[in-house]
Amino acid sequence: MIRHLAIIMDGNGRWAQQRGLSRSEGHRAGAQRISDITEAAAQLGIEYLTLYAFSTENWKRPIAEVTFLMNLIPEFCRNKLPDMMKNGVRLRTVGRTDDLPAASKAALLDAVEKTRDNRKITLNLALSYGGRAEIVDAVNRILREEKKPEKITEETFARYLYAPDIPDPDLMIRTSGEMRLSNFLLWELSYAELFVSDLHWPDFDAAALKEAVSAYETRDRRFGKVK
């Protein structure tokens, strides 16, 4: 049973290029796919869905593309809020969201607040997120808040991550055929099963999700032990 599914949504730009469209149109199509996959995940009984939406490295992209992506955030929150309320989707975020433009941050905070009591599925958007940044931020929080810690256990450290109340992912999907983690949930993915799809993210639909879940269900998860 998958409680927490994580996805690296890759291939928006390539999807658009194949169709003679701008990268912006690819990102818009990718944003639309979020709603479809969230609904499909909820129907499969998945409780948490974490999507890699914008990484700390993505700030290095061309200014026009970054600006479009930042403007897409309030557009997504505004357009999808009614569906989130109807379908019981609770929105959350992880990452250095203070780095986002004021309008993007305000729209996110508003949607997070309005959906806080929804319980069917938690949609966790990783924005201005980096796995190394999360680990560094956790260490700095420990140094600020713990009184002369003599020993840090894994359990202590995990309490200082961005979302300590969300269980580690059971399955991580990456679209567009890429074979790397790209600085995503480096601590949390330690024992996750991995599934790579050749589909670009805008083409990754409910059927593709079911295929990945079916593959997961055939895996033998031993967590370092033997049967």
K.L.:
Do Thr153 and Thr156 have side-chain atoms, one donor and one acceptor, less than 3.5 Å apart?
P.N.:
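Yes, Thr156 and Thr153 have a side-chain donor paired with an acceptor closer than 3.5 Å.
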K.L.:
Not counting sequence neighbours, which residues clear salt bridge (Lys or Arg N to Asp or Glu O under 4.0 Å) with Arg159? List them please.
P.N.:
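Per chain and number, Arg159 pairs via salt bridge (Lys or Arg N to Asp or Glu O under 4.0 Å) with no residue.
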K.L.:
I'd like to know whether CZ of Arg141 has more than 12 heavy-atom contacts from other residues, nucleotides or ligands below 6.0 angstrom.
P.N.:
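Correct, the count exceeds 12.
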K.L.:
Are His4 and Thr50 linked by a side-chain donor-acceptor pair shorter than 3.5 Å?
P.N.:
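Result is yes, a qualifying pair exists.
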K.L.:
Is it true that, when you exclude Arg116 itself, more than 12 heavy atoms of the residues, nucleotides or ligands shown sit nearer than 6.0 Å to its CZ?
P.N.:
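No.
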K.L.:
Identify, with sequence neighbours excluded, every residue that meets salt bridge (Lys or Arg N to Asp or Glu O under 4.0 Å) alongside Asp36.
P.N.:
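Partners of Asp36 under the salt bridge (Lys or Arg N to Asp or Glu O under 4.0 Å) test: Arg33.
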K.L.:
We want to know whether Arg92 and Thr122 form a side-chain donor-acceptor pair, criterion being a heavy-atom distance below 3.5 angstrom.
P.N.:
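Their side chains do not contain a donor-acceptor pair, so the 3.5 Å distance test is not met.
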K.L.:
Counting only heavy atoms not in Glu154, do more than 12 sit closer than 6.0 Å to its CD atom?
P.N.:
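Not buried by this count: 12 neighbours or fewer within 6.0 Å.
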K.L.:
Testing the 3.5 Å rule here: is there a donor-acceptor pair between the side chains of Asp10 and Ser176?
P.N.:
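There is no such pair between these side chains.
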K.L.:
Can you name the salt bridge (Lys or Arg N to Asp or Glu O under 4.0 Å) partners of Asp205, sequence neighbours left out?
P.N.:
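Expected list: none.
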K.L.:
Sort out for me which residue in Asn58, Leu127, Leu181, Asn183 forms a side-chain contact (heavy atoms from CB on, under 4.5 Å) with Tyr52.
P.N.:
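When Asn58, Leu127, Leu181, Asn183 are each tested with Tyr52, the side-chain contact (heavy atoms from CB on, under 4.5 Å) holds only for Asn183.
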K.L.:
Are Arg28 and Glu25 ion-paired here, with the side-chain N under 4.0 Å from a carboxylate O?
P.N.:
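Salt bridge present between Arg28 and Glu25.
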K.L.:
Quick one: do Arg78 and Asp83 make a salt bridge, cutoff under 4.0 Å?
P.N.:
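Salt bridge between Arg78 and Asp83, a charged N being under 4.0 Å from a carboxylate O: no.
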K.L.:
Would the distance check show the side chain of Thr115 and the main-chain N or O of Leu91 forming a donor-acceptor pair, the cut-off being under 3.5 Å?
P.N.:
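Yes; at least one donor-acceptor contact below 3.5 Å.
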K.L.:
Do Lys60 and Glu57 sit within salt-bridge range, that is, some charged N less than 4.0 Å from a carboxylate O?
P.N.:
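A salt bridge is absent here (no side-chain N lies under 4.0 Å from a carboxylate O).
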